[in-house]
Amino acid sequence: MISYILRRLVLMIPVALLVTMGVFAIARLSPADPALVFAGEERDPAVLASIRRELGLDQPLPIQYIAWLGRALQGDLGRSFQTQQPVLEAIAQRLPATFELGIAALTISITLALVIGTLSAVKRNSVVDLLSTSVTLMGVSFPSFFLGILLIMLFAYVVPGRIFPPGGFVPITDDPGENLRRLVLPAITLATGTLAVNLRQVRSSLLDVFGQEYVRTARAKGLGERAVVVRHALKNALIPVVTLIGIQIGAIIEGAFITETIFFWPGIGRLAVQAIPSQDYPVVQGVVLISAFSFMVSTLLVDVLYAWIDPRISYGRVRD
Amino acid sequence: MADTAVPIVIRRPTEDRVGAVLFFLRRNPRMIIGGAIVLAWLAAAAFAPWIAPYDPIKQNVSEALLPPSLRHWLGTDDLGRDVLSRVMWGGRVSLSVGVISVSIGLFVGTTLGLVAGYLGGKYDLLIMRGIDALLAFPALVLAIAITSSLGPQIQNAMIAIGIVAIPAYARLTRGQVLAVRAREYIVAARTIGAKPLRIVLRHVLPNVMNALIVQATLSTAFAILAEAALSFLGLGPQPPYPSWGQDISYSTRYLPNLKWWMSVGPGMAIFTAVFAFNFLGDALRDAIDPRLRRSG
């Protein structure tokens, strides 16, 4: 097991390096001159030259990359062109909001998927099953921003009494009740896309398990249906679902960009989206880098967890 | 049972072919539904200049914010522009981004997969680490990052979504190539002196075709959704040109006034188009490549 984890970590190094190159290239691909963006209204060539020197833009690209990587490894992701705030600090300030939204969305999505997915697999071809397969189909095709807008319209403006506000954020430490009230709509919006995938996986892996001999044995020895489903089938059916959660960290991060924008949720997604029009590359770069690394680490964690839960996974074979 | 006479029905080939197609379509209603909606959207987008009832850009303030009616089926926006016409013209953007970005992903991804799988060794190692690096980014985040750095334009959205689509094709192709590389017919082709390019194009690629067609259909759905998300964030075509995602984003300023039709028109357009490609892709997968069929 230890050697499996080590192997995976070693394999991650070249990929991580390529990722940093990609993120570095993102800012350099731009036709806009970062010095001009940084300088704002200033157009004096001497000032621009000194800004270029200060930002290291007069160096060859490989040198710039190595310098940037070195600083990034020490936690220095540069400063925002707009606010002059260190990028890492800006991200750290907004991470709790993104975390809160992401965890709420994952909880909603996994809970609903487990309940509806199990019901739909147990009562195959029933109304619940039909409903769940329709949700799956709709969920993967429904744009999250459209759903968010419909929810805002419905709950903030149509239903009297404004049960849920159209957006905004209140820290949980200031007012836990208000924090939760504002969390509901964005969390549902973010959860819907992943709910569809989860539901499909829970249902199909349960159906797979129902065909296994040990389930037949459990039934044959006279166990009640509930015990068969909960104690025998569900446990094994959950193994593939664990992998999905890892993949969903990615979906949650990318969904956060959209959902946070619609609901004025002050997370890292909104930070990046607001930085784009003003070409504030250090911020965009920082958020993209953090997103990619969180995604990579969560994929690794899930793979390890998967190998640990299911001993049939061979530790030697890392990828196909 | 051995000497029971089995009646043989011999059909004329043409009749058989039509019959087979009809039989196939009857057995695959999803393909008909998905295919019909896809065709309808393609037609609406292609013929938008002729069939759209109004000019999508021309402002007509005297008709601003009208709810859906017989004159304006999907209502009008705050500048008096017909929502239906904008949705039809917006379809041109979404579908062309879909088709072009999928073509980019398909071409680059398949080529990389063929090279990695067939040549193996250090080519395989290099290419697949690159693919892993692409996969390390959440797809939409990568598309947002590339578009934001290249500049908010439709061509850049196409490139970004195309790049994001590469890994799926590369992995699919490489897997298939590895599966057939040691088969007798490939070895035979090599023995008679066929060049690698010929072997790959004539003998390996046809094996991957079915899976690629399915993947292309499904990734068109993703591409339309991604384009809508990029334009929603302001990274697609710029106003006043119509685009589904951007029109939804624009409509949010009228949410408190409940001008719902401004959001619902483009929103349903995205949903139906993405749904149709997903539906068609799933049906195609079940029909032409049963090995890929998911249980349940």
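Numbers restart at 1 for each chain; the letters A, B, ... are given by sequence-line order, proteins then strands.
Per-residue counts of heavy-atom pairs under 4.5 Å with chain B were compared for A:I258, A:I253, A:V273; the largest is that of A:I258. Of the residues considered (A:Q285, A:M138, A:M21, A:Q279), A:M138 shows the highest number of contacts with chain B, using heavy-atom pairs under 4.5 Å. Listed options A:P143, A:G250, A:G211 were ranked by heavy-atom pairs under 4.5 angstrom with chain B; first place goes to A:P143. In terms of non-hydrogen atom pairs under 4.5 Å with chain B, the most contact-rich of A:F146, A:F257, A:Y281, A:F293 is A:F146. Contact count versus chain A (heavy atoms, under 4.5 Å) is highest, among B:F271, B:F275, B:W260, B:F222, for B:F271. When each of B:I224, B:T252, B:L150 is checked for heavy-atom pairs under 4.5 Å with chain A, B:L150 comes out on top. Between chain A and the residues B:A136, B:S148, B:G130, B:A139, the most heavy-atom pairs under 4.5 angstrom are made by B:A136.
For A:I26, the parts lying under 4.5 angstrom from a heavy atom of chain B are both the backbone and the side chain. Looking at B:L135, only its backbone comes within 4.5 Å of chain A, counting heavy atoms on both sides. Contact annotation for A:P14: only side-chain heavy atoms (C-beta onward) come within less than 4.5 Å of a heavy atom of chain B.
In this structure, B:I248 and A:F145 approach most closely via the heavy-atom pair CD1-CE1, 3.7 Å. The two residues A:E254 and B:L140 have their closest heavy-atom pair at OE1-N, 2.7 Å. Closest non-hydrogen pair, B:L225 versus A:V140, comes out as CD2-O, 3.9 Å.
Separation of atoms CD1 (A:I276) and OG (B:S149) is listed at 10.0 Å; rounding is to 0.5 Å.
Electrostatic pairing of A:R200 and B:D282 counts as a salt bridge here, judged by a charged N lying under 4.0 Å from a carboxylate O.
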